[in-house]
Amino acid sequence: MDNLLAYIDQGSFLALRAFGHEPLGQYVWVYEHDIDIDRLRQLHRNLGDGLLGRRIERSPLPFGRHRWVAAPHQAALDIAPVPRPAGDLSAWMDEQVRIPIDPERGPAWRMAVVPFNEGGGAVTLIVSHSVGDAGAIIVSLLEAAHGIKRDLGYPPPNSRGYREAVREDLAVTRRSLPEMAKALKVGAQLARENSAAPKRAVRPGKHRGGTLTIRPSVAVVVDAGAWDERAAALGGSSNALMTAFAARIAFIRGYADGAGRVTVQLPVSQRTQADNRANALTGISVEADAREVNTSIAAIRADLKEALSGLAAEEHKLIASLPLTPFTPKWLVRRLASAALGDGTPVGSSSMGEVFPDVIRPDGTDAEFFWARGVEWPITKEGLDQRGDSLFVGSGRINGKVVICVVSWQVDGANTREELIELVSQGLADLGLSATFV
């Protein structure tokens, strides 16, 4: 089986090496009853037989295509030696993020569990985005729950000699020359289009020195019935209401333009059942009038439909330019990341929709709460300030509940969980909703 990284996956890895940090996906299950550790060990073993059972091996050529190698078992299940108070959940999550993850050197993912003094406990799965996006993680969890082994057919690490690797990778590059020529034309067109677009004042660079930190996050639970009733009353759908919520809290933060509009970016999964890519996604963006979302979200619903219908044309340009990825130097990766952010503050909203029941049962029983958040690590406070303000809303539905996680950073702001709780509470109240904080 072909073990070459897809261009989008090599781009993700190049960004990691260019910035010195990368996005991690952290998935969290909270139990109010005791966790079955034996069943959890079984799931952990099974995860190594799927999309997570691999690492990246770089080409010896500076412009070569990197490859996947087999790495089925990379880190033991981390079981906390003593229980902790349930109120330590947020601190424990941050502690787990600080344990090194690396898609090349390994481990590319890890799982940990902690019991609570009050009973129950929490489980977390942390995965390098260079190895799997949210869709890949959901597929991995589903397959692991049923003991399904995905035959990736990847070779073991370091199975190629240096000369053999150079010869093979040169051949791959020669075969790619026609698509590279096409990519140059498309890349030039995209460069012209981007040159006319406004740029952010802040330029993300590889920042060295300073205090390592993690962007604060909060998770809340809203009754799904109340959520859907409110979406219908405002003339929209559940996804439109989530987009409206993201726009509203961005507006409260002062991220809207002079007309009160906020651009919300939404990832769109392209993953198919047999897809072995780490990142199988694209994205759309909509502009929302954040001043009116508490009275109507009909416009957001219409804009979401229009953006999805026009996705193919925009996506074609991006795909056509990807063959240039292996030739992109680190300094250009950082510059392109800045250009991709465009003007204003990045505001994202991502929904997992109705989460499959097997995904919320890592130990074979239903967790009371499940959510995911994106984390950049390792990065300093100074590095986050250099990247600029950011705001991201993730959501999913489990057992009649809408679970929302908000991750945020403000340059020179308080950046405390308490401040973020106030922001989220106000945003929900503005939309006529109430929630319980996990």
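All values reported here derive from a predicted model rather than from experimental measurement.
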Novice: Can you tell me if K401 uses its side chain to pair, donor with acceptor, with the backbone of E368 under 3.5 Å?
Specialist: yes
Novice: Could R150 and E143 be called an ion pair, given the rule that one side-chain N must be under 4.0 Å from one carboxylate O?
Specialist: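 So R150 pairs with E143 through a salt bridge.
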Novice: For residues N279 and D9, is any side-chain donor paired with an opposing acceptor at under 3.5 Å?
Specialist: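 Result is yes, a qualifying pair exists.
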Novice: Looking at D49, is its backbone amide N or carbonyl O close enough to the side chain of H73 to form a donor-acceptor pair, meaning the two atoms are under 3.5 Å apart?
Specialist: no
Novice: Under 3.5 Å, is there a donor on one side chain and an acceptor on the other for T124 and Q26?
Specialist: yes
Novice: Indicate whether any N or O donor in one side chain lies under 3.5 Å from an N or O acceptor in the other, for W227 and S238.
Specialist: yes
Novice: Using every non-hydrogen atom in the two residues, find where T213 and L384 come nearest and quote the distance to one decimal.
Specialist: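 Closest heavy-atom pair between T213 and L384: CG2-CD1, 3.6 Å.
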Novice: Could you go through the salt bridge (Lys or Arg N to Asp or Glu O under 4.0 Å) check for D228 and R397 one step at a time?
Specialist: CA-CA 11 Å; D228 291 339; R397 288 174 174 251; 2.3 Å; yes
Novice: How about C405 and V407: do any of their side-chain heavy atoms sit closer than 4.5 Å?
Specialist: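 Yes. Closest side-chain heavy atoms under 4.5 Å.
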Novice: Report the C-alpha separation of L43 and M111 in whole Å, then their side-chain angles, then the decisive distance to 0.1 Å, and conclude whether the side chain to side chain contact (heavy atoms under 4.5 Å, CB included) test is met.
Specialist: CA-CA 10 Å; L43 179 81; M111 178 177 274; 4.1 Å; yes
Novice: D169 vs R160, test: salt bridge (Lys or Arg N to Asp or Glu O under 4.0 Å). Steps then yes/no.
Specialist: CA-CA 11 Å; D169 292 357; R160 299 191 302 167; 3.0 Å; yes
Novice: Are a donor atom and an acceptor atom from the side chains of S390 and R215 found within less than 3.5 Å of each other?
Specialist: yes
Novice: Run the numbers on L51 and L152 for side chain to side chain contact (heavy atoms under 4.5 Å, CB included), then give the verdict.
Specialist: CA-CA 8 Å; L51 291 174; L152 297 172; 4.1 Å; yes
Novice: Do L234 and S296 have side chains that get closer than 4.5 Å, going by heavy atoms?
Specialist: no
Novice: Check whether any side-chain heavy atom of I404 lies under 4.5 Å from a side-chain heavy atom of V393, and answer yes or no.
Specialist: yes
Novice: Look at atom CD of E306 and say whether more than 12 heavy atoms of other residues, nucleotides or ligands are closer to it than 6.0 Å.
Specialist: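 No, CD of E306 has 12 or fewer neighbouring heavy atoms, counting only those of other groups under 6.0 Å.
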Novice: Do side-chain atoms of R54 reach the backbone of W68 as a donor and acceptor pair under 3.5 angstrom?
Specialist: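 No.
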Novice: Is it true that S217 and R373 share a donor-acceptor pair across their side chains at a distance under 3.5 Å?
Specialist: yes
Novice: Any side-chain to backbone donor/acceptor pair from S159 onto P155? Under 3.5 Å, distance only.
Specialist: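 Flag not set: sc S159 to bb P155 has no pair under 3.5 Å.
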Novice: Would you call I360 and F369 a side-chain contact if the rule is heavy atoms closer than 4.5 Å?
Specialist: no
Novice: Among E57, H66, R67, find the one that has a side chain to side chain donor-acceptor pair (under 3.5 Å) with N3.
Specialist: R67
Novice: Would F245 and V406 satisfy side chain to side chain contact (heavy atoms under 4.5 Å, CB included), going step by step from the backbone distance to the final call?
Specialist: CA-CA 11 Å; F245 170 66; V406 179; 4.0 Å; yes
Novice: For F63 and F327, take the angle between the two ring planes, folded into 0 to 90°, and tell me which bin it lands in: parallel under 30, tilted 30 to 60, perpendicular over 60.
Specialist: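 Rings of F63 and F327: parallel, as their planes differ by under 30°.
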Novice: Could you check whether any side-chain heavy atom of R98 comes within less than 4.5 Å of a side-chain heavy atom of L212, counting everything from C-beta outward?
Specialist: no
Novice: Short question: side chain of W109, backbone of L52 - any donor-acceptor pair under 3.5 Å?
Specialist: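 Yes; judged by distance alone, with no hydrogens or angles, the pair exists.
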Novice: Is there a donor in the side chain of N239 and an acceptor in the side chain of S237, or the other way round, less than 3.5 Å apart?
Specialist: no
Novice: Testing D2, V69, N276 one by one against Y154 for a side-chain contact (heavy atoms from CB on, under 4.5 Å), which residue passes?
Specialist: N276
Novice: CG of L125 to NE2 of H44: how many Å apart, nearest 0.5 Å?
Specialist: 8.5 Å
Novice: Would you check if the side chain of E118 reaches a backbone N or O of A86 as a donor-acceptor pair within less than 3.5 Å?
Specialist: yes
Novice: Once rounded to the nearest 0.5 Å, what's the spacing between atom CD of E22 and atom OG of S130?
Specialist: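 Answer for the CD-OG pair, E22 versus S130, is 4.0 Å.
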Novice: Go through the side-chain N and O atoms of S285 and T263 and say whether any donor and acceptor fall under 3.5 Å apart.
Specialist: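 Note: S285 and T263 side chains miss the donor-acceptor criterion.
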Novice: Give the minimum heavy-atom separation between T325 and Y7, together with the two atoms involved.
Specialist: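 Looking at all heavy atoms of both residues, the shortest contact is CG2-O, 3.6 Å.
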Novice: Answer yes or no: is there a side-chain heavy-atom contact under 4.5 Å between D78 and V113?
Specialist: no
Novice: Heavy atoms only: give me the nearest A290-A247 pair and the separation to one decimal.
Specialist: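 The pair with the smallest heavy-atom distance is CB-O, 3.5 Å.
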Novice: Mind listing the closest non-hydrogen atom pair of A435 and V222 along with its distance?
Specialist: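 For A435 versus V222, the nearest heavy atoms are CB-CG2, 3.7 Å.
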Novice: Would you mind reporting whether D358 and L141 have side-chain heavy atoms less than 4.5 Å apart?
Specialist: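 Side-chain contact under 4.5 Å: no.
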Novice: From M352 CE over to I138 CD1, what is the distance, rounded to the nearest 0.5 angstrom?
Specialist: 5.5 Å
Novice: Return the CZ to NZ distance between F19 and K330, rounded to the nearest 0.5 Å.
Specialist: 12.0 Å
Novice: Rounded to the nearest 0.5 Å, what separation is found between the CG atom of N46 and the CZ atom of R41?
Specialist: 14.0 Å
Novice: Does this structure show an ion pair linking R17 with D102, if we count only N-O contacts that are shorter than 4.0 Å?
Specialist: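 The answer is yes: the pair qualifies as a salt bridge.
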Novice: Could you check whether any side-chain heavy atom of E419 comes within less than 4.5 Å of a side-chain heavy atom of Q410, counting everything from C-beta outward?
Specialist: yes
Novice: Does the side chain to side chain contact (heavy atoms under 4.5 Å, CB included) test come out yes or no for L5 and I56, once each step is laid out?
Specialist: CA-CA 8 Å; L5 266 68; I56 294 171; 3.8 Å; yes
Novice: Main chain of D36, side chain of D363: is a donor-acceptor contact present, judged purely on distance under 3.5 Å?
Specialist: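 Flag set: sc D363 to bb D36 pair under 3.5 Å.
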Novice: Check the orientation of H33 and Y31. Use parallel for under 30°, tilted for 30 to 60°, and perpendicular for over 60°.
Specialist: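 Judged by the thresholds at 30° and 60°, the geometry between H33 and Y31 is perpendicular.
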Novice: Show the numbers, then the answer: is there a salt bridge (Lys or Arg N to Asp or Glu O under 4.0 Å) between R84 and E95?
Specialist: CA-CA 13 Å; R84 295 177 58 162; E95 290 169 15; 2.7 Å; yes
Novice: Just checking, any donor-acceptor pair under 3.5 angstrom between side chains of H129 and S12?
Specialist: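 The answer is no; no qualifying pair exists.
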Novice: State whether R271 and D133 are salt-bridged, where the test is any N-O pair (Lys NZ or Arg NE/NH1/NH2 against Asp/Glu carboxylate O) under 4.0 Å.
Specialist: yes
Novice: Can you see which heavy atom on L47 is nearest to which on A144, and at what distance?
Specialist: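 Residues L47 and A144, closest heavy atoms: CD2-CB, 3.7 Å.
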Novice: Looking only at heavy atoms, which two atoms of V218 and V424 are closest? And how far apart?
Specialist: CG2-CG2, 3.7 Å
Novice: Is the backbone N or O of R361 less than 3.5 Å from a side-chain atom of T365, with the two atoms forming a donor-acceptor pair by type?
Specialist: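 Between the backbone of R361 and the side chain of T365 there is no qualifying donor-acceptor contact (under 3.5 Å).
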Novice: Does any donor atom in the side chain of Q426 or R248 lie under 3.5 Å from an acceptor atom in the other side chain?
Specialist: no
Novice: To the nearest 0.5 Å, how far apart are CD1 in I79 and CG in L40?
Specialist: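 The CG atom of L40 is 7.5 Å from CD1 of I79, to the nearest 0.5 Å.
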Novice: Mind running side chain to side chain donor-acceptor pair (under 3.5 Å) on D385 and W409 for me, showing each step along the way?
Specialist: CA-CA 8 Å; D385 281 346; W409 185 261; 3.0 Å; yes
